Amino acid sequence: MLWSHLFIPTLREVPADAEVASHRLLLRAGYIRPMGSGIYNYLLLAQRSMSKIQKVIREEMEAIGAQEFHLAALNPAEIWQESGRWTGMGQNMFRLKDRWQRDLCLGMTHEEVMTAIARGELRSYKQLPQIWYQIQTKFRDEPRPKSGLLRVRQFLMKDSYSFDIDAPGLDVSYEKHRQAYCKIFDRCGIEYVVVEADSGAMGGSASQEFMVATDAGEDFVVVCRETGYAANLEKAVSEPKPIAAPDSEEALDPSEIHTPAAKTIDEVAAFLKLPETSLIKTYVVIVDYGTKQVPMLALLRGNHQLSETKFIAATGCKEYRAAHPEEIREIFGADPGSLGPVGVKLTIYADSALEGRKNMVAGANKDDYHLLNVTPGEDFTAKFADIRQVESGDTEINTGAPLEILKTMEIGHIFKLGYKYSKAMGLDVLNEDGKEVKVIMGSYGIGVERVLCGAVELYNDADGISMPPSIAPFEVVVTPVNIGDESLKKAAFDLYGDLKKAGIDALLDDRDERPGVKFKDADLIGIPFRITVGKKLAQGIVEVVERRGKVLSEMPLTEVMSWVKAKLNK
RNA sequence: CGGGGCGUGGCUCAGCCUGGUAGAGCGCCUGGUUCGGGACCAGGAGGCCGGAGGUUCGAAUCCUCUCGCCCCGACCA
């Protein structure tokens with residue numbers, strides 16, 4: 001394509017509203033323009049990149065036998081009511097009424113639609129397995145759209161759904177997807193980690209997320225560079241850092257100590273001249289089992305944080321919240337800051353890091369007093385479970401290898417759904433014995449914009465974006481230094497023509513601009529390779545530049561084609 | 001939903017406190033000189049100052065309401 005005819009509205013100045021790199025650069029480089037909060041228009045460059053990402057996805061999905069559908073984005077309320085998500089999705093769902101006042105919504109994801117299709121048509125185990133997918137716009141009324149394309153209200157998602165006769169079948173479909181996803185992200189040229197994820201409320205048995213490490217992300221993951229362990233922080237397990245001072249081994253009884261004005265773990269530790277690891281942290285929580293709400297204690301070592309996900313899993317509750325100060329006063333007769341487990345009648349969950357500890361310090365349930373010599377299991381009884389969040393400095397459970405915490409953005413998620421939708425919506429087939437059985441499902445998503453954003457977040461510098469060649473809007477740009485010079489112009493057009501003939505996605509910067517402007521623009525939008533046709537053309541020499549790392553070299557014009565092909569593996 | 005910030009030409013922003021007929025740089029158009037990392041000179045176009053109401057002789061500026069956008073927190077299959 002000829003740049004002079006294209007709409008690539010690059011900005012010299014940094015747009016005021018953009019904070020994260022991908023947002024700022026996609027705006028500046030003329031990929032996108034905002035329409036509203038969390039709503040964007042994708043211009044030429046974004047559309048080309050997104051199309052290339054989708055092409056990769058389609059090829060790899062087809063390679064595992066997946067079939068592409070195009071589904072209704074506008075959904076009747078009924079199917080969502082059947083699955084229970086009409087209410088379950090809450091405010092995040094865009095809802096509307098038609099002229100007859102019938103309830104409709106815009107699809108946020110397509111488990112319901114896919115299941116509705118399947119239950120009408122799949123009748124026999126002979127038709128299984130099936131993998132169906134779509135690449136379509138999803139709508140979510142996010143409470144807070146942010147960070148450019150990272151969290152938006154309308155976005156392109158590839159999602160596929162597998163239907164199998166039994167769990168081993170699902171394992172196969174799941175594994176196919178895992179491998180396909182690795183190929184997809186590898187081919188898109190981005191670095192990622194695959195982490196164990198919480199399958200939580202969805203009730204599935206396994207789930208993994210594909211994450212890109214970036215400060216723009218919203219998730220944390222725990223990785224071990226030595227063993228390859230990787231898990232979402234919500235789910236990660238670890239060996240905690242060793243305690244800072246050994247426990248006394250004597251058989252001592254709890255004894256009160258006056259701790260005036262010492263409320264927080266920090267303050268109590270400082271007052272008693274003990275490390276935080278010798279203290280027990282006591283949380284009072286109200287656990288919601290749906291039918292009833294129960295106050296409980298959650299105990300942690302002084303330096304640890306409660307993991308919300310693990311605590312919910314341990315208690316088997318729907319959700320929980322911190323108790324209000326009034327509730328605490330009522331139950332304990334003391335204020336937060338002096339609470340502890342001794343003598344408490346409530347159910348107590350204690351983190352496994354407290355198991356086997358002796359003579360620790362806990363609140364006395366009496367304002368301004370703590371107890372010394374509190375031994376878990378002796379001075380109070382508790383259910384021990386891993387309910388703490390991994391922190392940096394922890395080590396891998398079996399190997400003792402160091403763990404690292406990374407901030408990441410989720411680009412893909414694979415999930416063993418199980419029977420949730422086939423049960424709720426009545427999807428069953430006849431098995432070999434002629435018996436009706438529920439179909440077991442999996443669901444697998446990729447955020448297309450997030451792949452683009454991930455690439456920009458990972459590969460950018462002061463000059464702009466450095467796109468991976470496979471998903472760059474163009475592979476090569478040919479830049480004649482002066483379009484007014486007929487010999488330069490002709491050589492550039494010839495080279496451009498040859499590249500196109502060779503199947504290379506080339507762009508010719510035929511604009512009547514100064515060279516500096518063209519170089520800056522090419523760097524900004526992130527075209528991986530540039531061929532500059534300039535003065536040395538007289539000697540048959542042109543300059544080739546790799547955007548990533550700014551590697552410049554000169555070579556005879558006659559060698560350019562093979563250089564480009566080699567760089568692009570074509 | 002709680003907290004903070006911002007709406008002035010296409011972009012970045014000044015002007016607002018202390019009311020008096022709207023500015024700069026970049027971009028855009030015309031002509032000329034230029035041409036290897038966002039050129040220079042000259043001329044020019046372009047803004048009901050987010051919207052509504054109020055105060056005032058007079059409002060971008062003060063007051064009230066409202067809409068929109070960004071950021072932090074809460075939330076996030």
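Here is the naming used below: chain letters follow the sequence lines, and residue numbers restart at 1 for every chain. Predicted, not measured: the structure shown is a model, and the values here were computed from it.
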| note | Scanning all shown strands, the Watson-Crick or wobble mate of B:C76 with both distances under 3.5 Å is none
| said: In whole Å, measure the gap between the P atoms of B:U64 and B:C6 for me. | reply: 16 Å
| field | Sugar-phosphate, base or nothing in reach of A:P34, heavy atoms under 4.0 Å | value | nothing
| Whole-Å C1' distance, B:A14 and B:G47 | 15 Å
| request: Mind checking A:S443 for me? I need base, sugar-phosphate or nothing, with any heavy atom below 4.0 Å counting as a touch. | output: nothing
| What interatomic distance, in whole Å, is found between P of B:C62 and the corresponding atom of B:U8? | 16 Å
| What about A:F69 and A:W132, are their ring centers closer than 6.0 Å? | yes
| said: Roughly how many Å apart are B:G38 and B:C26, using the C1' atom of each and rounding to a whole number? | reply: 10 Å
| Span that lies between the C1' atom of B:A52 and that of B:C13, in whole angstrom | 27 Å
| said: Within a 6.0 Å radius of atom NZ on A:K550, are there more than 12 heavy atoms belonging to other residues, nucleotides or ligands? | reply: yes
| field | Residue met sooner reading RNA chain B from 5', once A:K520 and A:N92 are mapped to nucleotides | value | A:K520
| Residue pairs involving residues 515-534 of chain A (criterion ring-ring contact (aromatic ring centres under 6.0 Å, His included); sequence neighbours excluded) | A:F529-A:W563
| request: Choose from B:C35, B:G37, B:G38 the nucleotide whose nearest atom is closest to any side-chain atom of A:D523. | output: B:G37
| Residue whose closest nucleotide on RNA chain B lies nearer the 5' end, A:D521 versus A:R140 | A:D521
| said: Once you apply a heavy-atom cut-off of 4.0 Å, does A:E142 come out as touching a base, just sugar-phosphate, or nothing? | reply: nothing
| remark: Scoring nucleotides 66-73 of chain B by protein non-hydrogen atoms under 4.0 Å (B base, S sugar-phosphate only, - none) yields ---SSSBB
| request: Provide, to the nearest angstrom, the distance between the CE atom belonging to A:M157 and the P atom belonging to B:A77. | output: 12 Å
| request: Ignoring backbone atoms, test whether A:K518 places a side-chain nitrogen or oxygen under 4.0 Å from the OP1 or OP2 oxygen of B:G37. | output: no
| query | Is the cationic atom of A:K438 (NZ for Lys, CZ for Arg) positioned less than 6.0 Å from the six-membered ring centroid of A:Y419 and within 45 degrees of its normal? | reply | no
| said: Measuring only the P atom in each nucleotide, how far is B:C1 from B:C75? A whole number of Å is fine. | reply: 16 Å
| remark: Separation of B:G37 atom C1' from A:R547 atom CZ, nearest Å, is 13 Å
| message | Could you report the tightest heavy-atom contact between A:I387 and A:A314, atom names first, then the distance? | response | CG2-CB, 3.9 Å
| What's the CD-C1' distance between A:E554 and B:G36, to the nearest Å? | 11 Å
| Nearest-angstrom distance, C1' atom, B:A60 to B:G4 | 23 Å
| request: If B:C57 has a Watson-Crick or G-U wobble mate with both distances under 3.5 Å, name it; if not, just say none. | output: B:G20
| query | Roughly, in whole Å, what's the span from CZ in A:R151 to P in B:C76? | reply | 10 Å
| remark: Hits for side-chain contact (heavy atoms from CB on, under 4.5 Å) against A:A180, two or more places apart or cross-chain, chain-then-number order -> A:I64
| task | Flag this pair as yes if the NZ/CZ of A:R95 is under 6.0 angstrom from the six-membered ring centre of A:W86 and inside a 45 degree cone about the axis; otherwise no. | result | yes
| task | Give the B/S/- string for nucleotides 26-34 of chain B, one per nucleotide from 5' to 3', where a protein heavy atom under 4.0 Å of the base yields B, of only the sugar-phosphate yields S, and otherwise -. | result | SS------B
| query | Taking the P atom of each, how far is B:U66 from B:G3, in whole Å? | reply | 14 Å
| task | Mind calculating the distance between CE (A:M93) and P (B:C76) to the nearest angstrom? | result | 16 Å
| request: With sequence neighbours left out, write down each residue that passes salt bridge (charged side-chain N to carboxylate O under 4.0 Å, His left out) with A:R388, or none if nothing qualifies. | output: A:D351, A:D386
| task | Could you tell me the separation between the CD atom of A:Q154 and the C1' atom of B:C76, rounded to a whole number of Å? | result | 18 Å
| request: Could you tell me whether A:R321 contacts a base, only the sugar-phosphate backbone, or nothing, with contacts defined as non-hydrogen atoms closer than 4.0 Å? | output: nothing
| request: Applying side-chain contact (heavy atoms from CB on, under 4.5 Å), name anything that partners A:A231, two or more places apart in sequence or on another chain. | output: A:E196, A:Y229, A:A236
| field | A:Y31-A:Y42 aromatic ring centre distance below 6.0 Å | value | no
| Applying a 3.5 Å limit to both distances, which nucleotide forms a Watson-Crick or G-U wobble pair with B:C69? | B:G5
| task | Might you point out which heavy atoms bring A:S83 and A:A424 nearest each other, and give the distance in Å? | result | CA-CB, 4.1 Å
| Taking the side chain of A:R530 as its heavy atoms from C-beta onward, which of B:A77, B:G36, B:G37 lies nearest to it? | B:G37
| said: What is the separation between atom CG on A:D219 and atom P on B:C75, rounded to the nearest whole Å? | reply: 14 Å
| task | Determine which nucleotide pairs with B:G37, using a 3.5 Å limit on both distances of a Watson-Crick or G-U wobble pair. | result | none
| field | Aromatic ring proximity A:Y320/A:F311, centre distance under 6.0 Å | value | yes
| request: Could you state the atom-to-atom distance from CZ of A:F519 to P of B:C35 in whole Å? | output: 15 Å
